[in-house]
Amino acid sequence: MITSLSIKNYALIEDIRVDFDTGLTIITGETGAGKSILLGALGLVVGNRADVKVVKDTTKKCVIEACFSIANYNLKSLFTANDLDYEAQTIMRREILPSGKSRAFVNDTPVTLHQMQALGVHLIDVHSQHDTQTLGTEAYQFQIIDALAQNDDLLKDYAKSLREYRSLKKDLTALIAEKDQAVKELDYHSFLYQELAEANLASLDQLALEESYEKLNNTETIQEALAKTLTMLSNDEMGGITRLSEARSNLGEIANFSVQYESLWKRLNSVVIELEDIVGETEMASEQLEADPEKLFAVNDKLQILYKLQQKHTVATVKELIDIEENLGEKVASSTQIDSKIEDLQDKLVAVRTVTLERALHLNDKRRGVFEMLKQKLETLLKDLGLPFAQFQFKLDETEDFKPHGNASLQWLFTANQGTTLGPLQKVASGGEMSRIMLAVKAILTRYKNLATLVFDEIDTGVSGEIAHKMAEIMSIMSTRMQVVSITHLPQIAAKGDFHKRVFKKEENEVTTTQIKELSTEERVIEIAQMIGGSSLSESAIAHAKQLLN
């Protein structure tokens with residue numbers, strides 16, 4: 001419930017504070033006094049859009065702050081979901097700066113308008129003749145039926161299975177699309193994979209193949225070079241080794257004379273040994289080398305296949321080709337496994353759909369179970385509200401599709417006149433009838449649901465006499481279970497309030513401001529008497545006012 005509302009620099013209001021209590025609070029005042037300004041300010045603290053035009057003094061900021069007692073509203077999870085600190089006494093504040101920028105706060109924590117709205121719908125529920133149009137929407141009609149049927153837990157279970165069903169359905173659709181694409185690409189991927197597999201890439205050493213090719217392709221040149229090398233190194237008369245061996249012998253004769261000569265001999269000896277080893281390997285290489293056209297062809301064939309594959313896949317190594325082969329293999333394997341994945345997903349989807357359908361049908365059964373009770377209560381209340389021939393019928397038709405509220409469509413059929421065919425509520429009910437139906441609905445809901453503070457904004461327009469008295473009684477009964485605020489022009493309703501506030505204009509120094517005042521018992525008598533008889537107070541009007549208050 002709202003406990004206080006503070007408004008600064010808003011429209012015609014400079015600075016006022018309004019305190020609220022439990023029960024029924026009445027707000028009255030002449031047309032144009034500023035009752036709608038109060039509602040506009042209240043709307044801002046629950047997330048309505050701000051307009052810089054409402055700032056009274058454009059050199060100062062506009063501040064609207066409301067305090068709510070929410071201990072009985074079970075809103076801790078909502079605060080947690082919005083990353084807000086929960087307080088049993090929650091303060092919501094809106095600021096409109098001279099620049100036009102708007103800021104919102106919950107318990108002094110900056111919030112977005114979306115967060116403020118998410119909280120605000122649980123705190124304030126404003127109804128005027130225009131707002132009653134929501135009663136004609138299917139979503140709101142479901143809310144009422146589900147509240148009476150106490151479907152909260154079942155709706156949560158249904159919503160959970162519906163999310164799972166939709167998620168699986170989305171996954172299945174994506175998998176089928178993937179299969180369609182895979183089928184188109186399977187032949188091409190299979191061809192590429194087979195081509196790489198046939199190349200037996202794991203057994204290929206590109207560097208060794210290229211070296212072998214160069215040897216086989218240049219056999220004569222290599223043999224000639226090796227022969228010349230052997231001649232130059234090992235010829236008995238002019239070979240390098242012969243000459244170096246003689247030099248080594250000469251040094252050997254003087255090696256014992258000096259460490260220097262011995263060192264030279266050792267170094268030359270190493271050179272001779274190394275050259276002799278080189279000659280041995282050269283002779284071996286020469287003996288092993290022979291022309292082999294068939295082997296050359298085979299090596300060249302492997303290299304050409306390898307080069308073409310590298311060019312085709314724009315890579316430079318065998319390792320990269322092997323990676324591509326493995327990737328293609330996975331795609332081919334995936335294409336062949338996708339059918340089993342689709343089958344598994346379809347089985348899961350069928351199972352989850354069965355659960356979702358069972359919960360939807362259970363919802364429908366519980367809804368149908370309250371139709372007769374709601375019909376009787378509405379028709380009884382509306383009879384007291386001047387619609388003695390009001391009739392209701394509720395039509396619930398199950399569909400193939402799952403919706404947020406279940407698998408059914410709902411229609412409230414209504415007629416206010418005897419002998420008239422029932423039609424959709426939103427089409428056949430007048431504005432005044434919708435206001436009374438909304439009041440009756442809210443009166444019934446108070447017994448089944450912990451409702452937010454309910455504000456009735458002149459929904460009694462066009463009502464008078466005994467009907468107004470009945471409306472007042474209904475509001476009074478509702479206020480024993482929730483906080484109710486009624487803005488009214490009718491003395492019958494004003495007299496039923498536990499608290500009475502009067503909105504009025506005050507002119508001072510050629511400046512008009514809106515003020516609000518809590519009326520005492522004596523002031524209430526005068527206010528209600530003026531509502532009955534006008535500004536001229538007659539004794540009969542005062543007596544009537546006292547009678548209404550008593």
Exercise answer: donor-acceptor pairs, residues 34-46 side-chain atoms, under 3.5 Å, sequence neighbours excluded:
unit_1: Lys35; atom_1: NZ; unit_2: Gly29; atom_2: O; d: 2.9
unit_1: Lys35; atom_1: NZ; unit_2: Glu30; atom_2: O; d: 3.2

Take Ser409 and Gln411, measure what side-chain hydrogen bond (donor to acceptor under 3.5 Å, both in side chains) needs, and give me the verdict at the end. CA-CA 7 Å; Ser409 60; Gln411 269 196 324; over 6 Å; no
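Taking 4.5 Å as the limit, some side-chain heavy atom of Ile532 sits within range of a side-chain heavy atom of Leu548. Residues Thr480 and Leu24 are not in side-chain contact: their nearest non-hydrogen atoms beyond the backbone lie 4.5 Å or more apart. Within the 4.5 Å cutoff, no side-chain heavy atoms of Met471 are placed close to those of Leu490.
Surrounding NZ of Lys366 are more than 12 heavy atoms belonging to other residues, nucleotides or ligands, all under 6.0 Å away. Atom NZ of Lys169 sits in a sparse spot, with 12 or fewer heavy atoms from other residues, nucleotides or ligands closer than 6.0 Å.
Under the rule for a salt bridge (charged side-chain N to carboxylate O under 4.0 Å, His left out), the partners of Glu379 that lie at least two apart in sequence or sit in another chain are Lys375. The side-chain contact (heavy atoms from CB on, under 4.5 Å) search around Thr421 returns none, not counting sequence neighbours. Applying the salt bridge (charged side-chain N to carboxylate O under 4.0 Å, His left out) test to Glu518 and every residue at least two apart in sequence or in another chain returns Lys501.
The pair Glu523-Arg502 does not meet the salt-bridge criterion, since no charged nitrogen lies less than 4.0 angstrom from a carboxylate oxygen. We find that Arg17 and Asp19 are joined by a salt bridge, their nearest charged nitrogen and carboxylate oxygen being less than 4.0 Å apart.
Using the six-membered ring where Trp is involved, His405 and Phe142 have ring planes that are parallel, under 30° apart on the 30 and 60° scheme. In this structure, Phe79 and Tyr86 have perpendicular ring planes: the angle between them is above 60°, well past the 30° mark.
Checking each of Ile516, Ile16, Ile487 against Val503 for a side-chain contact (heavy atoms from CB on, under 4.5 Å) leaves exactly one that passes, namely Ile516.
Applying the salt bridge (Lys or Arg N to Asp or Glu O under 4.0 Å) test to residues at least two apart or on different chains, the pairs with a partner in residues 398-410 are Arg368-Glu398. The list of salt bridge (Lys or Arg N to Asp or Glu O under 4.0 Å) pairs with a residue in residues 427-437, not counting sequence neighbours, is empty.
Judged by the 6.0 Å and 45° rule, Arg93 forms a cation-pi pair with Phe105.
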